[in-house]
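From a predicted model like this one, the values you see are computed outputs, not experimental measurements.
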Amino acid sequence: MTQEERQLPGPPGRGPSDAARRLRREAAEIRAAVRAAPRRTVVAESLVCALAAAFGLIPLLLVPPDRPVLAVLEALWAALLVAARRGRPVAAVLGAFPLVMGANVWVLAVAPLIVLSATRRIAPPRRAWRIVGVACAALGGLTVAAGLFRWETLPMRLAENAVSAVLLLLLPTLAGTMLGRRRPLVDLLRERNAYLEQTRTLTATAARLEERTRIAREMHDLLGHRLSLISVHAGALELAAARQAPPLAGQVELLRTTAGTAMEELREILGVLRHADLSDETGGDRGTYEDITALVTQSRQTGGGSVELVWSVPDTVEVGTRARQAIHRVVREALTNVLKHASGAPTLVEVKSTDAGIEVYVTNGAPRVPGDSQGGTSSGLAGLQERISLLGGTFGAGALPDGGFRVMAWLPSQLSHASHPANGPVSAPSPSPSPSASEANAAPFSHAPRSPSGDGDIWRPGSNPPLSAQTLTWPRVLGAGCTAVLVVLPTAGFLIVMLVMAALG
């Protein structure tokens, strides 16, 4: 042999150095997988391995086996297979067959659990059956090799190990492959459900936007035309009043400006209907001190009564756009109701800041002329309650003992555009009555229904609270693996008989 031939490397994958390299690489992969796994998983797996080792070792102290060293090694081997069943399922199945014919009968309870858990993770199922077939063939070969010197007992040993292979290897494999087939089907069902939910949401959104566009078009064609005519006639009336009736010029000017403001608000509402989803991004200057002062001044000029404003919100308090919009709506609706039902009655508007949010009170006294009300449907108050509830606040309105009326609202001060009404109402304290409004307890706040589970599900009194998707019930448990449980029932019975016999013997 020449020097060059002696220096030629051997075939790859051969030799002790390459085997040691593969072992080191395998150990490094195991350490990386353990580091990457969640801590909860590592703790749970460690506990399962410890329980498997304890189940195979502790009974040996009570019932000493014939070969104690081999029994201890089998218990430790079973604990190692339990740890390997997740990352190396094929190796775990192939390593489980020596436990079936070993000297430690207590590890027989661990072997089917290892096979069932490992075959769940082997795909496709026919590969799992091939691996289990190799394990059964190895079990038969090991049985024949062990009985070469005792031919008279070989048929009995083959029959016993065949029954053990069916009950401890084949039936757990059948249950494991069933559960393995079920997992991708469940994942596919969840994906389809999520797709259908998303499709339903998009379809509903498209239908809602189409309906809102139609409503916006109708409002523009009808209300826009009427308001434009009112504004034009009010301008002409203002010019005529300036020449013929100067004392009425102020009232006519107010009529014209109100018509113009109504036209601007109509344009804003049309923009919201066409391009937004209750975002209230228009009118960012509403709800400020100047805006509420203008509403109070306009109400004082229109109704002729005393309308006072008490504003105690410091400039340092951050109030989001959505909260300011709601403040504007509450004050405007309340003052409108005063003009309709108690024109000329003294009115007090209070907007104050608290630690939890913003409180708004609009209180009016008894009407000057009892029964002088233009009537109404209370739809404005109902709309306010719905809007405030969507923003996470509380709303209340009711009559006072002295014949007056009070509208109250509490709003979180940190509302912004990022917060969405779909997040559900947040828990909020009831507004504390102000010193000038001691009778406010006569009008309790109305709260929206809350979910008792706190997960945002809709719940109404008189119905059962919704079950979480993670809650286990007997129908869900049986439906999840009923067939697999029935398959391994013979295995469980066989193990119980074997362990009872070992404990009594």
Side-chain angles (χ1 to χ4, degrees), residues 21-58 75-96 99 107 109-125 127-128 131-132 172-173 175-195 197-198 418 423-424 451-457 465-485 488:
R21 190 180 304 110
R22 287 202 303 271
L23 288 177
R24 288 195 297 269
R25 184 169 60 250
E26 187 74 15
E29 291 179 359
I30 292 175
R31 287 195 299 269
V34 171
R35 292 193 187 98
R39 184 176 180 181
R40 181 178 180 180
T41 302
V42 174
V43 173
E45 289 297 313
S46 303
L47 182 60
V48 171
C49 294
L51 290 176
F55 191 79
L57 292 175
I58 293 177
L76 297 179
W77 179 249
L80 183 62
L81 293 179
V82 169
R85 81 192 191 283
R86 295 172 63 94
R88 301 291 185 272
V90 175
V93 173
L94 294 177
L99 303 178
V107 299
V110 182
L113 298 179
I114 295 173
V115 174
L116 188 149
S117 179
T119 50
R120 284 183 61 187
R121 296 171 171 84
I122 300 177
R127 182 165 176 256
I131 295 169
V132 174
T173 300
T177 52
M178 287 180 179
L179 295 177
R181 287 193 185 100
R182 178 182 173 274
R183 177 178 294 179
L185 293 178
V186 171
D187 294 339
L188 180 60
L189 181 61
R190 288 175 178 170
E191 292 179 1
R192 288 182 176 179
N193 186 43
Y195 171 76
E197 286 291 330
Q198 185 178 8
N423 294 334
S451 169
S453 58
D455 55 0
D457 295 331
L467 287 176
S468 172
Q470 305 300 326
T471 303
L472 290 180
T473 60
W474 280 114
R476 290 177 180 176
V477 173
L478 295 178
C482 184
T483 307
V485 171
V488 297

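Shown here for Ile122 and Ala128, the closest heavy-atom pair between the two residues is CG2-N, 3.8 Å. For the pair Ala118 and Ala92, the tightest heavy-atom approach, listed with the atom from each and the gap, is CB-CB, 4.3 Å. Closest approach of Val107 and Ala75 over heavy atoms only: CG1-CA, 3.8 Å.
Here Leu76 contributes atom CG and Leu57 contributes atom CG; the two are 5.5 Å apart, rounded to the nearest 0.5 Å. Taken to the nearest 0.5 Å, the CZ atom of Arg120 stands 9.5 Å off from the CZ atom of Arg86. A distance of 12.0 Å separates CG of Leu113 from CG of Leu81, quoted to the nearest 0.5 Å.
Side chain of Arg85 to backbone of Val82: a donor-acceptor contact under 3.5 angstrom is found. When atom types are taken as modelled, the side chain of Thr119 and the backbone of Leu116 share a donor-acceptor pair closer than 3.5 angstrom. Side-chain atoms of Trp77 do not come within 3.5 Å of backbone N or O of Leu99 as any donor-acceptor pair.
Checking Arg40, Arg39, Glu45 one by one against Val43, the side-chain contact (heavy atoms from CB on, under 4.5 Å) holds for a single residue, Arg39.
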